[in-house]
Amino acid sequence: MPFKNSASRAVARFQIAAVMTLILAAALAAPCAARHAIAADDPMSVVQSTVNDALAVLRNRQVPAAQRREQLKQIIAKSFDFTEMSRSALGYHWRQISPEQQQEFSQVFTTFIEDSYLAKINDYSDQQVQFVTSRNDGPQYAQVATNIIGSGKDPVAVNYRLLEKDGQWKIYDVTVDAISIIANYRNQFNRVMNNQGYPKLISDLKSKQQALAASLGDRR
Amino acid sequence: MSNVLESAGISRILFAAAFSALAISLAPVSRACAQDIAPLSNNKERQGIVQQAEQTPPGEDQGVYSDPLAPFNEAMLTFNLKLDDWILHPVASGYAFIAPDAVRKSVGRFFDNVDVIPRFANNLFQLRFAEAGGEVARFGINSTLGVAGLFDPAYHWFGLKEHPDDFGLTLRYYGAPTGPYVMLPFFGPSTIGDTLGLIVDGAMNPISYVTPWYVYLPVEGGWRVAEAINYRSLHLNQFEEADRYAVDLYGAIQDAYLQTRIHKTKELEQ
């Protein structure tokens, strides 16, 4: 019985819900943004405002699609720590590549994550987001739990992991049904680095990103 | 002839029983082993030695595995993907075209309902009596009020949730080392321990003890194929989606499987 087991189900869930998708998935939560005045800069409010801002942009259909995409990228850039994500996704290989390569990798990986997120947006427009809890994971770390609720589907648990740097909380990882996205990419990248090396990794990442961008109708 | 078959059946029960006894008796030993290979940041005795563990963000120790069976696994992944590409996906698409979504979901619930015994037994093995009892109640309600398991009134009317469990999780629950990751042909991602679990759970099927093997094996095989087709028909884009976002599909599946199993074990321990 090929692939009939919990793991493939998990892979499916995780991929379908991939990373950033979920932030936007909150489409219907947008009206709540007005009611919940965003207070101080704590982890919960960072996640809430990111989700709600992104959803507001998504729902504003009068603005052309390309322009909305730019606005969304700005919102993500504000609350995601892409440098930390890139470092963490490469694991110990990060220290073994040159500073130029680190910069190149961060750039490509950032675009890749952005495009993954944008590619999935529309699938989640009919779903709701519940902001559940926020808890500290140590002095500088926090985790915010949310649930994505779709019609007739099991809720998907999406947790945001945040890191405090210079008094600012930023998202450095997202877990979907308890699968860490960054850890998942770390395992993939580790395999490519060990088997084929950095040049192969960067070219694979670029071609995946370009395929995603092409499917968005936007080649760069 | 029937004597031989019967003794084969009994030996399977004995095997399952012996295996669980072994797992449970090994628990203290393997707990100690598990402690020994626990991530550095979680191992209090070593935290003093490894300064850097202090700076590791939560969750960062996940995601890199030793993978001694990688060459075999890679071949099996290719095999499974081809099998899916050539047979499973086309058949499931055709079936999805004919049968409405609601019907296929009911069929999925039917297959799930019938598989109650391993869920019950493993909850019991882990001394989760309420969950084990809940599985019995669910089976009773859904097999009758739920029309042979096609519907789930146990949850919708009585609020009884399913408690998935399997022997692989029982082994992990008692701290048995799970062994290396392995990609099984037909069955998908697993570990050595989880594969043993599949065998033990499979041996719990009572039908195999009352029907001759030349009836049981083809029926069981056909049953599982039907279950797989039904499942795939409800997740037609699964691999296409996975591949779209994966830089290395093997690594993506491996990590998602292992993270999920670790998480389920943690949930059981809570």
Side-chain angles (χ1 to χ4, degrees), chain A residues 1-16 18-19 84 88-89 91-92 112 116 119-120 123 137-138 140-143 152 159 161 163 172-173 175-192 194-196 201 204-205 207-209 211-212 215, chain B residues 57-65 67 70 80-81 83-84 87-88 105 111 164 166 185-190 194 198 221 223-232 235 237-239 241-264 266-267:
Chain A
M1 42 172 197
F3 316 118
K4 200 277 166 193
N5 71 34
S6 57
S8 30
R9 215 172 297 172
V11 176
R13 279 259 195 97
F14 147 63
Q15 295 289 359
I16 288 164
V19 198
E84 177 60 25
S88 175
Y92 70 91
F112 173 77
S116 312
K120 291 302 289 174
D123 301 357
D137 275 356
Q140 295 164 307
Y141 297 99
Q143 192 158 179
N159 292 4
R161 288 182 172 150
L163 169 65
Y172 72 91
D173 193 6
T175 70
V176 179
D177 274 343
I179 297 172
S180 151
I181 305 296
I182 292 299
N184 193 270
Y185 281 116
R186 188 182 310 128
N187 190 48
Q188 298 181 39
F189 296 166
N190 181 51
R191 278 176 44 84
V192 180
N194 287 340
N195 295 339
Q196 289 132 329
L201 175 64
D204 280 4
L205 197 54
S207 61
K208 276 286 169 181
Q209 181 267 318
L212 279 169
S215 73
Chain B
E60 170 124 350
D61 42 25
Q62 296 169 338
V64 174
Y65 312 99
D67 193 4
N80 283 343
L81 289 174
L83 183 76
D84 180 70
I87 301 169
L88 185 61
K105 279 185 178 153
F111 280 120
D166 58 66
F186 303 103
F187 290 85
S190 191
D194 291 340
L198 278 180
W223 181 272
R224 295 297 165 196
V225 168
E227 190 178 1
I229 292 168
N230 191 68
Y231 176 81
R232 188 73 167 105
H235 305 87
N237 291 325
Q238 184 165 309
F239 295 105
E241 282 294 299
D243 191 49
R244 197 175 177 205
Y245 297 99
V247 174
D248 177 69
L249 188 58
Y250 177 104
I253 294 173
Q254 177 188 40
D255 175 76
Y257 178 78
L258 295 173
Q259 279 203 55
T260 304
R261 295 296 282 179
I262 290 166
H263 175 70
K264 282 186 179 166
K266 269 190 199 152
E267 276 188 332

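A note on names: the letters A, B, ... follow the listed sequences, proteins ahead of strands, and every chain is numbered from 1.
If you take OG1 on B/T260 and CG on A/D177, they are separated by 8.0 Å, rounding to the nearest 0.5 Å. Considering CD1 of A/I179 and OH of B/Y257, their distance stands at 12.0 Å, rounded to 0.5 Å.
The side-chain heavy atoms of B/D255 and A/Q188, taken from C-beta on, include no pair separated by under 4.5 Å. With contacts defined as side-chain heavy-atom distances shorter than 4.5 Å, the pair A/L212/B/Y245 qualifies. Between A/K208 and B/R244 the shortest side-chain heavy-atom distance does not fall below 4.5 Å. Contact of the A/F112 side chain with the B/V247 side chain is registered, since non-hydrogen atoms from C-beta on lie closer than 4.5 Å.
Looking at B/Q254 and A/N187, their side chains do bring a donor and an acceptor atom within 3.5 Å of each other.
For B/D67, the part lying under 4.5 angstrom from a heavy atom of chain A is the side chain only.
Nearest approach of B/Q259 to A/A183, heavy atoms of both residues: NE2-CB, 3.5 Å.
With hydrogens and angles ignored, the 3.5 Å screen pairs no side-chain donor or acceptor of B/D248 with any backbone N or O of A/V192.
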